[in-house]
Amino acid sequence: MIDVNATMARLERARPGTVILWTLLFLGGVVMITPIVFMAATSFKTGQEVYELSIIPDKPTLANYVFILQESKFMRWMLNSLWVATFSTASVLFFDSLVGYTLAKFDFRGRHIVFIAILSTLMIPTEMLIIPWYMMSRSFGWIDTYWGIAFPGLMTGFGTFLMRQFFMSLPDELIEAARIDGWSEFAIWWRIAMPLVIPALSALAIFHFLGNWTAFIWPLIVTNDPDIYTIPVGIASFNGEFQMDWEIVMTASCLATLPTLLVFLLLQKFIIRGIMLAGLKG
Amino acid sequence: MAEVTLDGVRKLFGSVTAVEDFTLSIGNGEFVVFVGPSGCGKSTTLRMLAGLEDVSSGSISIDGRAVNNIHPKDRDIAMVFQNYALYPHLNVYDNMSFGLRAKRLPRSEIESRTHDAAEILGLGDLLKRRPGELSGGQKQRVAMGRAIVRQPKVFLFDEPLSNLDAKLRHKMRAEMKLLHQRVQTTTVYVTHDQVEAMTLADRIVIMNEGRIEQVGTPDEVYKQPASQFVASFIGSPAMNFATGMISNSSRQTILETHSGVDIGLASSHVVQGRQVHLGFRPEHMQLADVAKPPKGHISISGDITVVEPMGHETVLTCDGGFGEIVGKYEGDKHFRPGESVYFHIRTDRLHYFDLETGIRI
Ligand SMILES: Nc1ncnc2c1ncn2[C@@H]1O[C@H](COP(=O)(O)OP(=O)(O)OP(=O)(O)O)[C@@H](O)[C@H]1O
Ligand SMILES: [Mg+2]
């Protein structure tokens with residue numbers, strides 16, 4: 001009873017601040033979620049109803065879904081996106097953490113310069129790189145290939161930086177202990193360092209996968225063949241072909257969101273902290 | 001088992017000299033303890049032995065083989081770190097067998113060796129636990145287990161007990177000793193705790209500011225400290241010192257302390273006029289009722305400032321006129337601050353050190 005009373009009292013005291021905070025959060029939530037609700041609602045509407053702001057469609061229909069899944073290349077684009085994003089994410093997880101680890105845990109000449117060079121790539125906007133990328137792709141024959149879509153994102157400055165920061169907080173003794181235990185540097189990275197930064201890897205994987213999934217400009221430029229389109233490029237192509245069929249675009253967007261939700265749900269449980277230091281001290 | 005030799009070893013970190021002119025030869029199966037204050041280079045020396053730090057100059061050899069350029073994994077050593085450095089994501093069994101797996105030993109041998117080590121250390125029931133689910137003492141045991149399964153030529157310990165509470169430390173110290181008696185592996189053990197050093201070591205290496213001050217058995221470093229630094233470092237409570245000049249006045253040799261109080265020395269092998277630190281241990285001071293010392297003793301008087309009853313003995317901190325002195329008393333008498341007391345000390349238990357160099361005279 002005493003506990004309950006104490007809790008009640010605390011709630012009472014906290015009330016004015018809490019009310020304001022919750023109101024703000026609620027408003028923020030509404031702002032965030034409205035477009036998504038509207039997108040979902042529109043996907044069940046007919047063409048005539050698209051410009052009405054109703055949340056519940058007058059005549060709900062699945063025709064849009066049927067159209068997209070049967071009449072368009074949507075599933076193909078989905079697989080394209082999935083393949084490119086997965087490949088790219090795997091590559092980023094491998095290379096960014098390998099480089100990040102080296103920068104964090106090895107002392108070698110020029111380490112600082114390498115790190116700063118990698119950081120400085122973060123300051124160059126994608127828009128500036130598109131033309132060089134395109135010229136490169138054309139001369140190598142990468143136009144309309146998965147490799148062409150993926151190559152600019154196979155290693156990222158941001159991921160390298162993120163992983164370096166996490167590896168820096170890894171105690172040196174763990175690495176030294178493994179070195180004395182007789183493992184190679186690569187094995188130490190793979191068997192000791194990597195398992196301990198799984199939270200960071202998960203976060204990076206989510207960021208990178210989502211970034212790739214929604215990437216638009218570069219895939220648009222490097223692909224001409226609809227068979228190679230990624231999802232965002234494909235969805236945009238509905239516009240041109242069918243004169244602003246918003247219900248189709250919204251339906252496609254709804255479907256395109258599903259894998260990202262899945263990735264998030266799968267990986268978020270790995271974003272737990274605290275495992276790293278559990279082997280030390282008393 | 002192996003002999004370990006360090007010859008003129010030196011370590012520079014940039015312009016900072018961490019270890020200087022370190023020469024030591026460690027016998028087969030010997031238990032050697034490096035002891036010294038924080039920052040004196042103990043860990044650095046140990047890490048050079050392990051191959052975790054490069055040697056700036058000088059040479060190290062293990063079992064007759066120069067190892068300066070040999071990778072840690074090929075030195076056949078095992079190290080226990082101060083913070084244990086257990087792999088957090090592996091359970092106790094995997095932590096202990098991790099090194100054996102690197103050697104690609106047959107599975108059955110890995111299993112039997114790991115289980116044997118777990119048995120010795122009483123870890124049998126904990127093999128499936130992760131480090132996060134262990135107490136400090138258990139983690140410490142796992143760290144030791146990880147070292148002994150490897151059956152290395154040399155054990156290196158860097159303050160392995162310093163994260164344990166006093167009681168557990170005492171227990172683990174005894175276990176450490178038992179373990180060494182059992183496996184007889186050459187061991188280098190780093191600590192800043194002189195009690196640990198005295199109780200565990202075959203030989204103690206006392207270090208100060210990157211240099212060796214003295215190497216000797218616990219008995220030697222206690223009875224014949226090579227320098228004032230060693231004298232003040234070994235023993236608890238620490239040795240008392242009076243600083244002054246030896247002089248002969250009216251038939252007697254005395255120490256004219258710098259604060260003006262004279263201490264009568266029945267006789268002394270130190271030449272007249274020399275500036276010295278006179279040292280005497282608290283446990284060698286016998287409480288007396290009269291000022292006049294018996295033959296072969298000197299007398300020191302003081303006013304009690306602090307009384308610390310410990311049960312079996314009482315530690316008395318006194319103002320001796322020339323500085324603070326700490327004495328021990330084993331008996332039933334009670335003391336109060338402000339009382340004057342006399343202590344008698346056998347002259348053969350006095351230590352003289354040169355004032356400038358600190359070297360034993
Ligand atoms: N990586 C390093 N870079 C620069 N200086 C270092 C490095 N490691 C140690 N030192 C310096 O070398 C000296 C010896 O350090 P070391 O760690 O060996 O001391 P220690 O005797 O083990 O002390 P403690 O009892 O505190 O562990 C210290 O002055 C320290 O600051
Ligand atoms: Mg140390």
Side-chain angles (χ1 to χ4, degrees), chain A residues 93 97 100-102 104-112 163 166-205 267 269-282, chain B residues 43 47 49-54 71-92 94-105 129-140 142-143 146-147 149-150 152 156 158 161-165 168-169:
Chain A
L93 290 183
S97 54
Y101 177 74
T102 310
K105 290 299 178 194
F106 288 86
D107 216 351
F108 54 91
R109 281 184 88 170
R111 160 166 94 158
H112 235 72
M163 294 317 297
F166 268 81
F167 282 124
M168 296 244 288
S169 60
L170 197 73
D172 286 334
E173 286 89 345
L174 289 180
I175 296 166
E176 290 170 348
R179 221 168 261 162
I180 291 176
D181 265 345
W183 292 93
S184 68
E185 296 302 327
F186 188 84
I188 293 169
W189 169 74
W190 181 249
R191 288 166 180 271
I192 300 295
M194 285 295 264
L196 295 177
V197 294
I198 284 176
L201 290 171
S202 310
L204 180 59
L267 290 182
K269 72 167 192 279
F270 291 109
I271 307 183
I272 37 165
R273 290 175 50 84
I275 189 180
M276 194 129 90
L277 299 172
L280 302 172
K281 283 209 187 158
Chain B
S43 298
R47 291 166 56 80
L49 269 177
L52 297 172
E53 301 280 0
D54 291 332
H71 193 270
K73 72 173 195 284
D74 301 318
R75 294 190 182 199
D76 205 3
I77 44 135
M79 181 156 170
V80 174
F81 294 84
Q82 179 171 8
N83 59 15
Y84 314 142
L86 301 180
Y87 312 122
H89 58 299
L90 301 180
N91 65 26
V92 169
D94 290 335
N95 258 288
M96 286 172 60
S97 57
F98 196 65
L100 301 180
R101 278 169 54 206
K103 286 190 188 167
R104 302 195 187 283
L105 293 183
R129 297 227 198 137
R130 297 226 182 143
E133 300 156 355
L134 300 176
S135 72
Q138 288 166 338
K139 282 185 199 178
Q140 209 283 328
V142 176
R146 195 167 64 180
V149 283
R150 304 252 322 273
L156 306 175
D158 193 351
L161 306 183
S162 61
N163 280 320
L164 303 177
D165 62 56
L168 201 53
R169 200 178 316 159

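Atoms considered below: every heavy atom in the structure, side chains included; atoms not considered: hydrogens, waters and symmetry mates. Quick note on labels: first sequence line is chain A, next is B, and so on, each numbered from 1.
E173(A) CD to L86(B) CG: the interatomic distance, rounded to the nearest 0.5 Å, is 11.5 Å.
The backbone N or O of G182(A) sits nowhere less than 3.5 Å from a side-chain atom of H71(B) that would complete a donor-acceptor pair. Formation of a donor-acceptor pair under 3.5 Å by the W183(A) side chain with backbone atoms of F98(B) is found in this model.
Looking only at heavy-atom pairs under 4.5 Å with chain A, the residue among M79(B), K103(B), R101(B), R75(B) that has the most is R101(B).
Both the backbone and the side chain of I77(B) come within contact range of chain A, judged by heavy atoms closer than 4.5 Å. Looking at A187(A), there are no atoms closer than 4.5 Å to chain B (heavy atoms on both sides), in backbone or side chain. Residue contact with chain A, scored on non-hydrogen atoms closer than 4.5 Å, involves the side chain of F81(B) exclusively. With a threshold of 4.5 angstrom between heavy atoms, A78(B) approaches chain A through N, CA, C or O but not through any side-chain atom.
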Audit row: D181(A), R146(B), side-chain contact (heavy atoms from CB on, under 4.5 Å) steps and yes/no
CA-CA 9 Å; D181(A) 265 345; R146(B) 195 167 64 180; 4.0 Å; yes
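Between Y87(B) and L174(A), the shortest heavy-atom contact is CE2-O, 3.6 Å. Heavy atoms only, all atoms of each residue included: A177(A) and A85(B) are closest at CB-O, 4.2 Å. Of all non-hydrogen atoms in I180(A) and P72(B), the two that sit nearest each other are CG1-CB, 4.1 Å.
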